[in-house]
Protein chains: 2
Amino acid sequence: MSEPTAAHEELEEAHAQIKNGIADTMDIYGVNRSVGQLYATLYLSDEPMTLDQLRDELGMSKGSMSLGVRKLLDEKIIHRVYRKGERKDLYQAEQDFFQFFISFFTRRWEREKNVNLHAIKQAQPRYKKIMEDTTAPDSVREEATYQYNKINESLQYYRFLDILVEEFEEGDLAQRLLEKHEAKKKEGS
Amino acid sequence: MSEPTAAHEELEEAHAQIKNGIADTMDIYGVNRSVGQLYATLYLSDEPMTLDQLRDELGMSKGSMSLGVRKLLDEKIIHRVYRKGERKDLYQAEQDFFQFFISFFTRRWEREKNVNLHAIKQAQPRYKKIMEDTTAPDSVREEATYQYNKINESLQYYRFLDILVEEFEEGDLAQRLLEKHEAKKKEGS
DNA sequence: CCGTTTGTTTAAAACAAATTAAACATTATG
DNA sequence: CATAATGTTTAATTTGTTTTAAACAAACGG
């Protein structure tokens, strides 16, 4: 380690500010701040890092690092990289925030869609059955009809989520939106 | 209360399934399940509900209901409604999932943008200062330059978040995407 | 093989978040 | 104005989540 110069301290402080911003961001989306810092540390590092380096940098246990790294790998916002002659696993942050955004949100939007379509698939037949049950009280049948129709309308929303995922993953929606707005800006000037 | 007929029980079960799906969804996005159930209950109710009704329905304390309802109001995914002759406050769920999506995510994307632009505004001058400090060690200056440039590139991403918010809030992006895909489907058939 | 290094799992502890009941504040009404 | 009804805040409790240290398992190199 080199002696800590003034410039070096300044660098560390700048790093800390960026890291905090990233950790806050993860927090906004319900990701544990420690995991956020883990990502931020990797993001700021120009080299891939090992579990031990992360442990030293963050001052936490190796077990925590192992868990945190796995979460981030699952989210596909960090990657395992290989380097010949290196025994330890190396991790590298996804550096492209657009890719981060896409991995992070499409995964969630898809889960949302699946969870709710599954629920709907189970509930719809029940509502239907009540609607067609002439022995059921009118109020109950009306209620069932109301819900049945409401759910049917909601299907449009899950279709939208599906499109959104596709457009981001394959359709390059992010880039298109940016370009469109660049064009508008030029036009307006 | 009417006697619980078979049809009525069936209705309750269907409701429970839909509610679970919604609560799971909120959970995905880091919102407390109880608050999720609160929203789900209001969503399924054809009438606006009072705190007491929610307390009875969910079997929780009034204090919890008060807190949960405030969170949902802050998120703008439920609304307070007024009815003449009613002393208690009445709450109604946003029924349009598109509107839910827009309220929920644009708020978060904006926070993300603000938090990070704030951090960047603080960190950038520090990196700059190091870059221009001829007394600083080369390795430190290189590192500062590297980060400075990386951050500059990231600004594009926050511009994207901004556009996304605008497009959803004002530009009707959701509807446009749906229509575009409807058209594609017809064309393909 | 054997010892060492590395990463993972686990059970316990520390910590944080949610929940409650009760006190408090506010508002409405007669 | 006094009372009752309603909603909010608070402090204590409960519950759930994170974190750790240590045990364990797997892989590696000699």
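Every chain is numbered from 1, with letters handed out A, B, ... down the list of sequences. Side-chain atoms are counted along with the backbone in the values below, which use heavy atoms only and exclude waters and symmetry mates.
- The side chain of B:R87 lies closest to C:dA28, out of D:dT20, C:dG7, C:dA28.
- Following rounding to the nearest Å, A:L67 (CG) and C:dT10 (P) show an atom-to-atom distance of 11 Å.
- Side chains of A:E143 and A:Q147: a donor on one and an acceptor on the other come within 3.5 Å.
- Taking atom CG of residue B:D74 and atom P of nucleotide D:dT8, one finds them 12 Å apart after rounding to whole Å.
- Between A:S66 and C:dT8 there is a side-chain polar atom (N or O) within less than 4.0 angstrom of OP1 or OP2.
- Whole-Å rounding puts the B:D27 CG to D:dT17 P distance at 9 Å.
- Side-chain heavy atoms closer than 4.5 Å link hydrophobic residues (I, L, V, M, F, W, Y) into clusters, and following such links, even through other members, never connects A:L58 to A:L90.
- Contact annotation: B:R33 does not reach the phosphate of D:dG16 (side-chain N/O to OP1 or OP2, under 4.0 Å).
- The residue B:M60 sits close only to the backbone: its heavy atoms come under 4.0 Å of sugar-phosphate atoms, none of a base.
- Annotation: cation-pi geometry satisfied between B:R108 and B:F104 (NZ/CZ under 6.0 angstrom from ring centroid, within 45° of ring axis).
- One can place CE of A:M65 at 7 Å from P of D:dT20, the figure rounded to the nearest angstrom.
- Side-chain contact, A:H181 with B:E167: a donor N or O sits under 3.5 Å from an acceptor N or O.
- Under 4.0 angstrom from either OP1 or OP2 of C:dT20 there lies at least one side-chain N or O belonging to B:S64.
- Residue A:S34 places no side-chain N or O under 4.0 Å from the OP1 or OP2 atom of D:dT18.
- The distance between atom CD of B:Q53 and atom P of D:dA5, rounded to the nearest whole Å, is 17 Å.
- Per the geometry, CG belonging to B:D56 stands 12 Å off P belonging to D:dT6, to the nearest Å.
- At the heavy-atom level, B:D52 lies nowhere under 4.0 Å from the strands shown.
- Side-chain proximity of B:K62 to the nucleotides D:dT19, D:dT8, C:dG7 is greatest for D:dT8.
- Between B:L58 atom CG and C:dT20 atom C1' the separation is 15 Å, expressed in whole Å.
- Remark: the A:Q37 side chain and the A:N20 side chain contain no N/O donor-acceptor pair separated by less than 3.5 Å.
- Residue A:N32 has no polar side-chain atom (N or O) positioned under 4.0 Å from OP1 or OP2 of C:dA16.
- Taking atom CZ of residue B:R55 and atom P of nucleotide C:dT19, one finds them 16 Å apart after rounding to whole Å.
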